[in-house]
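Residue numbers start from 1 in every chain, and the chains themselves are labelled A, B, ... in the order their sequence lines are given, proteins ahead of strands. Values reported hereafter were calculated over all heavy atoms of this structure, with side chains retained and with hydrogens, waters and symmetry mates removed.
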Protein chains: 2
Amino acid sequence: MARRSITKAAVTKAGTHVTAEDVARTLGVSQSTISRAFSMTASISDEMKLKVIKAANKLGYQPNVIARSLITRRTNMVAIVMANLVDPFYPVVLDELVQQVQSRGFQTLLFVPSPGQDVDDIMPNLLQYQVDAIVLTSATISSAMARICAARDTPVVSFNRYVPGLQIHAVSSDNIAGARQVADFLVATGHERPAFISGERDATTNRDRRNGFVSRLKQLKMNSCIQEEGGDFSYEAGYAATKRLLRRAGHPDALFFACDVMAIGGIDAARELGISVPEDISIVGYDDVPMAALPSYSLTTIRQPIREMAKAAVDVLDLAEPRGMKSGPTTRMIPGSLITRSSTMNRRAPVRVGKASRR
Amino acid sequence: MARRSITKAAVTKAGTHVTAEDVARTLGVSQSTISRAFSMTASISDEMKLKVIKAANKLGYQPNVIARSLITRRTNMVAIVMANLVDPFYPVVLDELVQQVQSRGFQTLLFVPSPGQDVDDIMPNLLQYQVDAIVLTSATISSAMARICAARDTPVVSFNRYVPGLQIHAVSSDNIAGARQVADFLVATGHERPAFISGERDATTNRDRRNGFVSRLKQLKMNSCIQEEGGDFSYEAGYAATKRLLRRAGHPDALFFACDVMAIGGIDAARELGISVPEDISIVGYDDVPMAALPSYSLTTIRQPIREMAKAAVDVLDLAEPRGMKSGPTTRMIPGSLITRSSTMNRRAPVRVGKASRR
DNA sequence: TTGAAAGCGCTACCAG
DNA sequence: CTGGTAGCGCTTTCAA
């Protein structure tokens, strides 16, 4: 026993690893008092609190949040799962999400599934870290996994995807309404042969954008909408699909892409074929990524309100509450807005629509 | 049917916090045994291990890594501090770093300093989480903070910056050598009035690129290098600096920017002024961000070997070792390579240099 | 190989 | 308001 305390004292002296116990000893108070000085709920005299803080600073003491977590059952960590960091849409999403998380006094544990790994595979690992909440971006989990999270009272929100019936929260922009705005706009500006180029076939974002677009065109008595499969949401997919489409007969006069990055690939493909944008063909994207505003592309698109979406997503996790999902799963759809730039033009009065703006 | 209800029961129980104790009780063994089944160093019979794992799965038990951390003093978390997620260089860096961290069985705790907050401000918070190591991207800490980390045996590596004399590891690309390659290339292709447009004035990346460029030009008997201050590494800074520079007399025939994003701003600015790239002026960037390869820009640049840099950064943290910095701070500089595209041309034989390539 | 017991550093409850 | 005391869930001696 004696040997043990000698060792401990030596370690303390070395400056490594100062504990509340150490601070208590130098002050001749109890360890509980040190704890109270760093808690905002516990009652402690201002005088004592000041004394403790001062001593703590001198010794370099910082409460160990890991030890705290063990007893409070809260780690103050939110897991964010994000499969694709490189597509320009996601850095903005991550930035806004992390800001929201941090502004509530929480930290972000970031999980990037390796290629070929799906979210369910990483969930067990993630849950071991006892995170207080989980944000899934452009991904979903199985209903079995959703049940496990519910049983643990760990709220989960899906960002930019939703699965009807799945017992997790969801926040996305209103993709159907956004796509309808595009249809309205293209028809109003005199386009007669619109096409939709899809991204990842089964993603809800893709389906909603396509369905909203096609169904609104039908309502407007425009029954022929060419469709081309891109396969995924990449630049390469947009580029390749555009080349295929434009080489075939019956050229469309407007292309609506499932996302901006694809649309930018589409613009480059059209230009390579000697087809001018917007004189020969109008191009519309979805997202309003930073690149869409560059003068070389100046892409007409639907702006996703990422900041509000991120705020809504983190709000619904209800981090201030002790734990759990209070009110059953919520689905929130936030409307986007049409940003007209010069990748589209009015074919009734052949003047460029919108104005070029740099970034 | 029967199996189904068992599963359901297990999940329900999972809600009430399955601990090693619970698994031990159902198996009639000690809690220590459960612990040993999930440890790879402890000795346990294969038979027992299997039995424990099976029971654990049935009950939905997962070891609580927070509790484990308290005693092992290792959280298996690496903090990554990244101030700017939006500039296209950083998503790639983050992606590679996280891959490296995860591939070693660690997780990433991501810190994004809010505007106006510097890294020293967030370090105390970060250290409370008892992370095993810290990666700072494009940022440094005070020497006082470096000493605190050293005292705690928490290794720190600075990615893409270095501070001579600071007791932390550093990994960056060899910016001086890269800039020299640019100078060599521009002189070899007949440029006579080069200019350098700087980014953030005091960043080591900026200083090394400028100094490497200017000093190499001098060696090559080209003593006049125009310099223009951009102020920061943004598109806007590159755009504005280019406008200022090109409106003044004595037009340069080549612009070397402190980074790609600035160079892209520069291309847009030049085009707006009716100056053709590369016919009237050659433009070179630094980084090789994904956008640099787009046909609209097709930017000649120095490619930073981000994957190797990320690997080197995480390697130097020596995560496999119990703790601490074994061998004093290391500084590694990894060479980049010149990628010639069509934003530059050979002014001796006026034909475009390099070939356009999409992304 | 296994079980019992002692903590890791902290919070939370109970008296005083 | 403060000190004592009991754990949080786990790893790790030390015996058996």
**Prompt:** Is a donor-acceptor pair below 3.5 Å formed from side chain A:R36 to base D:dG3, judging by atom type as modelled?
**Reply:** yes

**Prompt:** When only distance counts, do a donor and an acceptor, one from the side chain of B:S32 and one from the base of C:dA4, lie under 3.5 Å apart?
**Reply:** yes

Would you mind classifying the nucleic acid contact of [X] as base, sugar-phosphate or nothing, using non-hydrogen atoms under 4.0 angstrom?
X: A:Y61; value: sugar-phosphate
X: A:V65; value: nothing
X: A:T33; value: sugar-phosphate

**Message:** Heavy atoms from C-beta onward define the side chain here; which of D:dT11, D:dG4, C:dG3 lies closest to that of A:S30?
**Reply:** D:dG4

**Neighbours of DNA chain D within residues 41-49 of chain A, by heavy-atom distance under 4.0 Å** = A:S43, A:I44, A:S45, A:M48

**Asked** Considering all heavy atoms of both residues, which atom of A:A20 and which atom of A:I34 are nearest to each other, and what is their separation?
**Response** O-CG1, 3.5 Å

**Request:** Taking all heavy atoms of B:V78 and all of B:F106, pick out the closest pair and write down the distance.
**Result:** CG2-CD2, 4.0 Å

**Asked** Are OP1 or OP2 of C:dT11 and a side-chain N or O of A:S35 less than 4.0 angstrom apart?
**Response** yes

**Message:** Working note: A:M123 + A:I134, criterion side chain to side chain contact (heavy atoms under 4.5 Å, CB included); need CA distance, chi angles, decisive distance, verdict.
**Reply:** CA-CA 10 Å; A:M123 286 295 289; A:I134 301 170; 3.6 Å; yes

Value in whole Å for how far the [atom2] atom of [N] lies from [atom1] of [X]:
X: A:R68; N: D:dG7; atom1: CZ; atom2: P; answer: 22 Å
X: B:I66; N: C:dT11; atom1: CD1; atom2: P; answer: 14 Å
X: A:R73; N: D:dC10; atom1: CZ; atom2: C1'; answer: 12 Å
X: B:R74; N: C:dC8; atom1: CZ; atom2: C1'; answer: 16 Å
X: A:D22; N: C:dC8; atom1: CG; atom2: P; answer: 11 Å
X: B:I34; N: D:dT11; atom1: CD1; atom2: C1'; answer: 14 Å
X: B:L70; N: D:dG9; atom1: CG; atom2: P; answer: 12 Å
X: B:Q128; N: C:dC10; atom1: CD; atom2: P; answer: 10 Å

**Request:** Apply the test side chain to side chain contact (heavy atoms under 4.5 Å, CB included) to residues A:Q99 and B:V112: give CA-CA distance (whole Å), side-chain angles for both, the deciding distance (0.1 Å), then the verdict.
**Result:** CA-CA 7 Å; A:Q99 301 284 359; B:V112 177; 3.9 Å; yes

**Request:** Run the salt-bridge test on B:D318 and B:R104 with the 4.0 Å N-O cut-off and return the result as yes or no.
**Result:** no

**Message:** Check A:R25 with A:D22, please: is the shortest side-chain N to carboxylate O separation under 4.0 Å?
**Reply:** yes

**Item:** Along DNA chain C (nearest heavy atom to each residue), the more 5'-positioned of A:A20 and B:Q31
**Value:** B:Q31

**Message:** Under 3.5 Å, is there a donor on one side chain and an acceptor on the other for B:T33 and B:S30?
**Reply:** yes

